[in-house]
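Computed from heavy atoms alone, side chains included, the values below leave out hydrogens, waters and symmetry copies.
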Amino acid sequence: MALLAACAPTANQRATSANTPPTVTPPVATSAAPTPPAPADYRAQAEAFLAGYTTEYVRLYTQSSEAEWQSNTHIVPGDTTNAGRTSRANERQAAFTGSAANIKQLKELLAHKDQLTPLQTKQLETALYNAANSPQTVADVVKRRIKAEAAQTEKLYGFDYKYAGKSVTTNGLDELLRTETNPQKRQQIWEASKAIGPTLKDGLLNLRDLRNQTVQALGYPDFFTYQASDYGLSREEMMALVRQLNTELRPLYRELHTYARYELAKKYHVKQVPAYLPADWLPNRWGQDWGSMVTVKGLNLDAVLAKKGAEWNVKQAERFYQSLGFPALPASFYEKSSLYPLPPGTAYKKNNHASAWHLDLDHDVRSLMSVEPNTEWYMTTHHELGHIYYYLSYTNPEVPPLLRQGANRAYHEAIGSMMGLAAQQKPFLVGLGLVDAKTQTNQTQQLLKEALQYVPFIPFASGVMSEWENAFYAENLPADQLNAKWWALCKQYQGMVPPTPRGEAYLDPATKTHINDDPAQYYDYALSYIILFQLHDHIARKILHQDPHATNYYGSKEVGQFLQDIMRPGSSRDWRTVLKEKTGEDLSARAMVDYFQPLMVYLKAQNKGRQYTM
Ligand code: X8Z
Ligand code: ZN
């Protein structure tokens, strides 16, 4: 899939244009029995077609990205200027990428795959994949979907959250959920964070139909299948994969779940330990990251970061990448990005969820964040810069613009998350002078903190999110069972229940931005965690010869080269081959399970005599 931006809203709106698509003259039949063109002719045809197609594609992609950027950084509720402009730009792009003439050409050329170069085939396949998201055979459906997506984005990021009678930002809600200790207040905060759900229900149901109908025109049974096919997997294969990952991490999660139930009951002075975790007890709106439950003595990153400020956070992440041999960020990155929260009282709003953008498939790279000086944003900054450096790496003459994407979408998510993991480890922080080398710290507590950050994410991402979207798009989940299904999955996979029954008047899945604007691809993140531990394991053991729990990548050009080798080819190389070649392994949860294995002994000892409920 061609991304407008990694994890960016409406990432699937592929362009169109009223312009005439470039076409290639078909082989001319000069006699009654035309001789088929020789292989070189097909190559020449593909070359000519791709040259024209790419120029127009990049032009429209850029216009569409610019409009989307405006729509996400300057949201004036009630003002439809942005939505109108964005819809028009996306319609133009869709009319081009999904034009009947282009689809015909692409199919014809791909019918002679055996005679094309692998790079040509890959580009044509990518273009056909993009076409399936905007086929002009169903132009009206595509148009309506584009409009509906623009409207959903406006609602999503224009929402005014209220807590205790006052407006509150999502950063504010997140901070309260990390720090508030009063259970009644916690419940109110959690409920405030879910108030947006019902406002998105009609829009989401409409989008389900429109997204499914769009891709059905090119033969995909449903939108979830379409998204999974980007990995070369069927829907069933993708679901089997995420279920297997979940099963492999389940024993560890079970220990953490038991640990958290008992520890949080203590913290909130609740005598009867609940069988399932109340959602409002956890320090995250969806229970996907529990890292802030633990503060490691001597390694209190929040305290260090608070003193440094938000700008330092971004600059430090850049320095880390540079130390590995990546270039300084282009000046335009700092000029054009929107990196910090808007000052209170600003007349417009912005998308509050972090994203990274490759606006022109060249050097215009930007990030949209609301960075604050805390651990969560420190991790997110490293994550987003991972996307940015991925963009810059595959923007090179060997990679045609159509293949300027991750080896797969999960790789794109993995690089920066891995850098975030590395940037938290003690030797790295000591090297940076943020922690005194002589400070005694408890390694088990550090590993526990990391486990709480990374492990609960798997049942959320590969379980709840993937299962819900699979049911929603591919299994026609009835409109009156949307919330019931969500909470059944939360209970099954996360062992988490809502504080009070949540009927169908609520739509709690829609409170997760991705459900609205990054649809049917949240498994990307689950897979990215698996890949990041594989890469980290390789870097630590084989390149740095360090314990994976205590690394310092800083300054290692060899690590930089290893990452560059993965990132530079974009999607021009097969993702499985890349993984095998770079790590010696196929996709596997082995590295992630191994990393946390030392914690099992500790957790089992802590949980001795406690009741397990999952
Ligand atoms: O959405 C993101 C990134 C943007 S690509 C901040 N992440 C997922 C989430 O927040 O739910 C990163 C990890 C999971
Ligand atoms: Zn991301």
Partner set under ring pair (Phe, Tyr, Trp, His ring centres under 6.0 Å) for F460, not counting sequence neighbours:
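Testing F460 for ring pair (Phe, Tyr, Trp, His ring centres under 6.0 Å), a comparison that skips the adjacent residues, returns Y522.
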In terms of side-chain heavy atoms, does [X] have a donor or acceptor partner in [Y] at a distance below 3.5 Å?
X	Y	result
Q322	R319	no
T551	Q425	yes
T81	D79	yes
D517	Y157	yes

What do you reckon, is NZ of K542 surrounded by more than 12 foreign heavy atoms closer than 6.0 Å?
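Counting neighbours around NZ of K542, 12 or fewer heavy atoms of other residues, nucleotides or ligands fall under 6.0 Å, so no.
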Determine whether Y378 and D302 satisfy the following criterion, side chain to side chain contact (heavy atoms under 4.5 Å, CB included), listing intermediate values before the conclusion.
CA-CA 9 Å; Y378 179 74; D302 273 320; over 6 Å; no
For A591, check side chain to side chain contact (heavy atoms under 4.5 Å, CB included) against everything at least two apart and list the hits.
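Checked A591 against side chain to side chain contact (heavy atoms under 4.5 Å, CB included); matches are F533, Q534, D537.
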Please confirm whether the backbone N or O of N133 pairs with a side-chain atom of R145, one donor and one acceptor, at under 3.5 Å?
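Judged by distance alone, yes, a pair lies under 3.5 Å.
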Without swapping roles, check the side chain of Y390 against the backbone of M567 for a donor-acceptor pair under 3.5 Å.
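Side chain of Y390 to backbone of M567, a donor-acceptor pair under 3.5 Å: no, none is there.
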ring-ring contact (aromatic ring centres under 6.0 Å, His included), paired with Y473, selected from F223, F224, W468, Y220:
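Result: among F223, F224, W468, Y220, F223 is the only option passing the ring-ring contact (aromatic ring centres under 6.0 Å, His included) with Y473.
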Test of understanding: with side chain to side chain donor-acceptor pair (under 3.5 Å), list the residues that count as partners of [X], not counting sequence neighbours.
X	result
T346	none
N516	Q152
E66	R366
K512	Q288

So does E125 pair up with K122, basic N to acidic O under 4.0 Å?
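No, this pair does not count.
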Salt-bridge criterion met for R285 and D174 (N-O under 4.0 Å)
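Judged by the 4.0 Å cut-off on N to carboxylate O distance, R285 and D174 do form a salt bridge.
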Once the angle between the rings of Y595 and H549 is folded into 0 to 90°, is it parallel (under 30°), tilted (30 to 60°) or perpendicular (over 60°)?
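The rings of Y595 and H549 sit tilted, inter-plane angle from 30° to 60°.
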In terms of the angle between their ring planes, are H514 and H353 parallel, tilted or perpendicular, with boundaries placed at 30° and 60°?
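It falls in the perpendicular class, over 60°.
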Would you please indicate yes or no on a ring centroid separation below 6.0 angstrom for H382 and Y389?
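No, they do not, as the ring centres are separated by 6.0 Å or more.
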Aromatic contact between Y391 and H412, with the criterion being ring centroids under 6.0 Å apart: yes or no?
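When the ring centroids of Y391 and H412 are compared, they turn out to be within the sub-6.0 Å range.
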Rounded distance [0.5 Å steps], CE in M379 versus NE2 in H383:
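The NE2 atom of H383 is 10.5 Å from CE of M379, to the nearest 0.5 Å.
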To the nearest 0.5 angstrom, please state how far the CZ atom of R576 sits from the NZ atom of K580.
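Between atom CZ of R576 and atom NZ of K580 there are 11.5 Å.
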Under a 4.5 Å cut-off applied to non-hydrogen side-chain atoms, are T225 and S234 in contact?
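Not in contact.
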